[in-house]
Amino acid sequence: ERHRAKRRDGDREKKKRRKGRRRRASRAGEREDEKRAKNYQESEGRERDEEEQAQIKTGKTAKTKKNIKNEKTRKVEQEEGEAEERNAKGKKKHGSAKKEEKDEDGGKCLRPESLSPEELEKLKEAVDERKKLIQGLRGKPWSMKKKLVTLRESQEFVEKYEGALGKGKGRKLYAYKVMMAKKWMKFQRDFENFKTACIPWEMKIKEIESHFGSSVASYFIFLRWMYGINMILFGLTFGLVMVPEALMGRPYGSIPRKTVPRAEEASAMDFAVLWDFGGYAQYSVLFYGYYNNQRAIGWLKFRMPLSYFLVGVGTVAYSYMVVIRTMARNANESGVGDDNSFNFSWKTFTSWDYLIGNPETADNKFASITTSFKEAILEEQESRKDDNIHLTRFLRVLANFLVLCCLAGSGYLIYFVVRRSQKFALDGLDTHTWWERNEVNMVMSLLGMFCPMLFDVISALENYHPRVALQWQLGRIFALFLGNLYTFIIALMDEINLKREEEKIVKFNITTWEASLYNSTVSENSTGPPITIQPADVPRGPCWETMVGQEFVRLIISDTMTTYITLLIGDFLRAVLVRFLNYCWCWDLEAGFPSYSEFDVSGNVLGLIFNQGMIWMGAFYAPCLPALNVLRLHVSMYLQCWAVMCCNVPQERVFKASGSNNFYMAMLLVILFLSTLPAIYTIVTIPPSFDCGPFSGKKRMFDVIQETLESDFPAWFSKVFSSASNPGLVLPFILLMVLAIYYLQSTSKSYKEANVELKKKLQTSLLQLLMCPCQAKRGEQEEEQTSSAEGTDGPRGGQKSCITDCRATKEQQRVTTRPRR
Amino acid sequence: MGNKQTIFTDEQLDAYQDCTFFTRKEILRLHGRYHELAPHLVPMDYTNDPDCKLPLALIVNMPELKENPFRNRIVESFSEDGMGNLSFNEFVDMFSVLSETASRELKAIYAFKIYDFNVDNYLCKEDLEKTLNRLTKEELTPEEVELVCQKSIEEADLDGDNKLSFADFENMITRAPDFLSTFHIRI
């Protein structure tokens with residue numbers, strides 16, 4: 001029997017080996033579908049296991065090798081029987097268990113030398129399947145004992161036959177590959193362990209989750225993720241820009257750009273000046289202006305200007321990559337946001353937050369779930385009372401108009417204030433009060449604090465559902481921050497232009513100054529020693545890049561300070577007052593007017609996103625910004641964790657802004673794009689200052705790339721690059737990419753549609769099976785006819801004939817009324 | 001790797017890492033938690049696979065489960081005897097399924113088991129009523145409960161048998177945006 005099987009095997013082998021891969025893929029797909037339906041029953045089928053083992057021992061193992069390849073073909077009776085058996089009994093072991101048993105029984109016929117290449121191939125496949133099983137073991141819904149047993153068995157099988165497979169051609173290479181794969185897996189596992197051990201603040205977040213639920217905790221998880229990104233950015237800027245210049249570049253005081261000018265020397269150490277990032281802080285590695293434009297520094301011949309440029313580009317590229325990768329991962333996990341078709345089911349099964357561990361929060365949650373159900377029931381029952389829709393519409397238009405006025409007003413205010421600060425700067429900073437010097441940052445921060453409250457009040461006019469109101473609120477705050485930021489940048493641009501005008505004047509002055517110096521030396525003893533000029537005395541150009549960096553750093557600092565002070569006053573002081581004044585006050589402060597504040601998740605998340613946007617904008621001109629942000633996020637984490645546990649109460653009603661996690665990620669992506677635009681614009685259009693920074697002396701900042709290509713790479717490289725940047729080559733390339741995008745999009749659309757079709761098919765086949773078993777066969781035939789006819793409502797129409805009347809009508813109703821997918 | 005611990009052999013730890021979503025450190029920590037539930041019952045040395053089960057009453061008193069209205073059902077679904085007595089293997093399995101990195105399909109399977117109070121592989125109306133009453137602490141009137149259960153079954157039931165099979169439940173729960181974030185216990 002075995003010989004006959006083997007011969008049939010061989011024939012089929014030759015035909016099917018070509019289609020082997022596709023088969024396996026589709027087989028896996030089919031298996032997945034059926035597995036889903038049967039998995040649940042499978043997980044309880046202990047008897048089936050025993051039966052399976054008994055079957056093995058009766059010696060039907062001869063068919064196993066065939067089955068591995070020919071599972072899909074039901075033409076051969078034996079195979080059909082075996083495959084059906086296996087379908088019914090669970091494909092958990094993928095037939096390899098039987099094979100293993102068989103191998104142990106007929107060990108003599110499986111010595112590797114005696115195997116034909118086809119059998120070797122099948123053995124290899126079996127081993128691969130076992131390996132895949134081991135990989136996917138943690139996702140199986142079996143009891144732990146069963147998983148451990150399966151794991152041990154599979155590992156033994158793999159070990160036993162993996163070495164054996166190596167005999168024959170390419171044995172050494174195979175064994176080497178196997179060993180490397182094992183080492184790689186071990187390394188991956190150790191790395192995963194290391195990574196999870198490195199994750200900070202896990203217990204803090206757990207505490208917050210158990211007290212406040214998952215929505216508040218999601219802010220802290222987001223904060224932690226941002227912290228990780230900023231650590232990487234910090235590593236890049238610190239390690240590749242700041243440290244090389246500090247260690248290998250020329251020291252402080254050796255050249256003009258690295259020295260505090262004589263005029264400012266007296267005040268360079270003052271705390272007020274340092275806090276403003278002037279004085280010694282300005283002439284240090286923290287800002288753009290300090291860096292020397294020497295092409296290669298130190299004994300490493302480190303290309304400083306190139307590194308500066310590439311790190312700037314690299315931080316943006318890395319951020320894009322991380323955000324898009326996270327978005328893709330979230331999109332895969334979360335289902336399609338379908339708000340209405342499973343309203344009550346979702347409320348019943350997904351409203352309890354399993355993270356809650358605090359009795360008060362649990363009580364709160366019970367109450368909010370009850371309220372949510374009552375509301376949903378009310379909405380379901382009562383008809384929409386659309387009284388006075390005109391009034392509502394008018395009020396909404398009025399509200400939007402007010403909001404627009406607010407936004408325009410805040411934009412103008414910022415512009416005005418920035419212009420004023422320029423005037424102050426021209427007069428000299430010392431003649432003004434602290435407020436006047438820091439006006440811009442204070443105004444921006446205060447606007448960011450008070451305008452959202454104003455929007456909140458205005459939105460009371462609108463009378464929206466809380467979730468819709470939250471979305472409008474977020475949209476308006478977003479517009480506010482964006483408007484403020486861009487007004488600030490426009491004002492900054494004006495300042496840059498002013499500084500460039502100033503630069504021209506300074507350049508002219510320098511030439512006259514040098515001429516006067518030369519004249520004075522010549523007029524004296526011409527063989528005397530040349531006059532050395534102290535670097536501090538050399539007239540300096542205004543370094544617009546450092547100015548830009550300083551502005552951003554000041555903005556971030558004042559923003560941070562405002563946030564912390566608001567936190568302390570708004571949350572902490574309020575909580576203290578409510579707590580202690582409650583003893584001697586007329587009404588109950590805790591339940592009544594002020595009461596304890598709730599943690600505003602969306603406001604905080606937006607603040608975090610905009611902060612990051614400012615970092616991205618300014619990081620090119622102030623390499624210290626990522627370091628500053630790491631520090632800031634670290635402190636924020638501890639401060640806000642403490643504040644939330646100490647001063648806030650859990651929210652009564654929780655409304656998430658949107659169904660998917662991607663809402664905030666999408667905002668982050670938009671901010672990333674919008675904040676890198678100004679930096680890119682300035683890099684590409686404005687020529688760098690002539691006497692400060694790593695690009696001084698060049699016409700454009702990106703000329704450093706050209707220079708590197710010409711001098712550091714062999715000649716043919718630059719030829720290749722220059723020919724590659726030829727428009728004749730670039731345009732077709734862009735066209736090709738556009739076509740590729742279009743193609744990928746259309747294939748993804750077709751995959752989605754195929755997915756929908758398969759799901760429908762699955763539903764109908766389930767229906768057939770569960771309906772009337774006696775009519776199941778008839779249904780199957782009809783389904784085959786209709787599926788061959790390729791009609792989308794074929795199955796439905798087909799089943800109508802085998803369902804009793806009342807069910808059929810209900811099905812029809814459900815199909816038409818529910819807006820699926 | 002580096003730490004000398006005598007609770008598990010290295011093979012056991014590797015096996016646990018293959019069968020759950022936990023890392024080595026987390027598994028050791030889980031053992032610590034299991035041990036502190038009943039220090040005199042649970043041995044510190046698991047190298048020879050002791051047969052030790054903790055009763056339901058001890059496990060549902062854990063701070064992570066204490067406030068959960070479904071705590072009894074959760075523990076029962078993961079126990080082999082269906083009565084809620086968990087060995088360490090089942091304990092680890094339970095928290096692995098409820099961990100953040102477990103797949104959606106796996107969570108759906110166990111969620112179905114948890115909400116199936118009468119263990120008949122279907123979510124019938126009684127199961128839904130029990131679920132609802134636990135969720136709202138019986139604050140809803142019987143008519144409201146009836147309405148909600150009716151609507152839930154209508155929404156999710158595909159085969160028209162007035163109860164939810166696993167396929168119906170899975171179809172409904174995998175689209176839920178909140179499912180992954182709420183069906184999660186951090187340990």
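Chain A is the first sequence line, chain B the second, and so forth, proteins listed ahead of strands; every chain is numbered from 1. Predicted, not measured: the structure shown is a model, and the values here were computed from it.
In this structure, Lys137(B) and Asp363(A) have side chains that are in contact, with non-hydrogen atoms separated by less than 4.5 Å. A heavy-atom distance below 4.5 Å is not found between the side chains of Trp352(A) and Arg134(B). At a threshold of 4.5 Å between non-hydrogen side-chain atoms, the residues Phe366(A) and Thr136(B) do not count as touching. Between Leu355(A) and His184(B), some side-chain heavy-atom pair lies under the 4.5 Å cut-off. Contact of the Glu154(B) side chain with the Phe344(A) side chain is not registered, since no non-hydrogen atoms from C-beta on lie closer than 4.5 Å. In this structure, Thr348(A) and Val148(B) have side chains that are in contact, with non-hydrogen atoms separated by less than 4.5 Å. The closest side-chain heavy-atom distance from Lys206(A) to Glu64(B) is below 4.5 Å.
Classified by interplanar angle (parallel below 30°, tilted 30° to 60°, perpendicular above 60°), the ring pair Phe70(B)/Tyr354(A) is parallel.
Proximity to chain A involves both the backbone and the side chain of Ala15(B), based on heavy atoms less than 4.5 angstrom apart. For a residue to count as touching a neighbouring chain, one of its non-hydrogen atoms must lie under 4.5 Å from one of that chain's; by this rule Val97(B) does not touch chain A. Of the two parts of Leu148(A), the backbone and the side chain both hold a non-hydrogen atom closer than 4.5 Å to a non-hydrogen atom of chain B. Both the backbone and the side chain of Phe179(B) come within contact range of chain A, judged by heavy atoms closer than 4.5 Å. Only the side chain of Thr196(A) comes within less than 4.5 Å of a heavy atom in chain B; its backbone stays farther off. Heavy atoms closer than 4.5 Å to chain A are found in the side chain of Tyr110(B), but not in its backbone. If you measure heavy-atom distances from Gln17(B) to chain A, the contacts under 4.5 Å come from both the backbone and the side chain. Using a 4.5 Å cut-off between heavy atoms, Gln155(A) contacts chain B through its side chain alone, with no backbone atom that close.
When each of Ser152(B), Ala111(B), Ala108(B) is scored by its heavy-atom pairs under 4.5 Å with chain A, the top score falls to Ser152(B). Highest contact tally toward chain A, considering only Leu140(B), Leu123(B), Leu65(B), Ile173(B), is held by Leu140(B) [criterion: heavy-atom pairs under 4.5 Å]. Comparing Leu137(A), Leu151(A), Thr361(A), Ile134(A) by how many heavy-atom pairs each has under 4.5 Å with chain B, the most go to Leu151(A). No other option in Leu147(B), Leu98(B), Asp18(B), Leu132(B) has as many heavy-atom pairs under 4.5 Å with chain A as Asp18(B). The candidate with the highest count of non-hydrogen atom pairs below 4.5 Å against chain A, out of Leu135(B), Leu164(B), Thr23(B), is Leu135(B).
Salt-bridge annotation for Glu80(B) and Lys145(A): present, with a side-chain N of the basic residue lying under 4.0 Å from a carboxylate O of the acidic one. Using a 4.0 Å cut-off between charged nitrogen and carboxylate oxygen, Arg24(B) and Asp190(A) do not count as a salt-bridge pair.
Counting non-hydrogen atoms of other residues, nucleotides and ligands closer than 6.0 Å to CD of Gln150(B) gives a total above 12.
To the nearest 0.5 Å, atom SG of residue Cys19(B) and atom CZ of residue Arg152(A) are 10.0 Å apart. Here the CD1-NZ distance, from Ile356(A) to Lys66(B), works out to 13.0 Å after rounding to the nearest 0.5 Å. Atom CZ of Phe194(A) and atom NZ of Lys25(B) lie 10.5 Å apart (nearest 0.5 Å). A distance of 8.0 Å separates CE in Met144(A) from CZ in Phe88(B), rounded to the nearest 0.5 Å. Note: Glu155(B) CD to Lys347(A) NZ = 10.0 Å, rounded to the nearest 0.5 Å. Considering NZ of Lys146(A) and CG of Asp93(B), their distance stands at 12.0 Å, rounded to 0.5 Å.
In this structure a side-chain-to-backbone donor-acceptor pair under 3.5 Å is present from Arg138(A) to Thr20(B). Judged purely by atom type and a 3.5 angstrom limit, Glu67(B) has no side-chain atom pairing as donor or acceptor with the backbone of Asn358(A).
Two rings, from Phe349(A) and Phe169(B), have their centers less than 6.0 Å apart.
Using modelled atom types, one finds no donor on one side chain facing an acceptor on the other under 3.5 Å when comparing Glu139(B) with Thr370(A).
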List the steps and the verdict of salt bridge (Lys or Arg N to Asp or Glu O under 4.0 Å) for Arg189(A) and Asp14(B). CA-CA 9 Å; Arg189(A) 166 159 297 167; Asp14(B) 277 334; 3.7 Å; yes

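Across Phe342(A) and Met172(B), no two heavy atoms sit closer than the pair CD2-CG, 3.5 Å. The heavy-atom pair separating Leu106(B) from Gly139(A) by the smallest distance is CD1-O, 3.3 Å.
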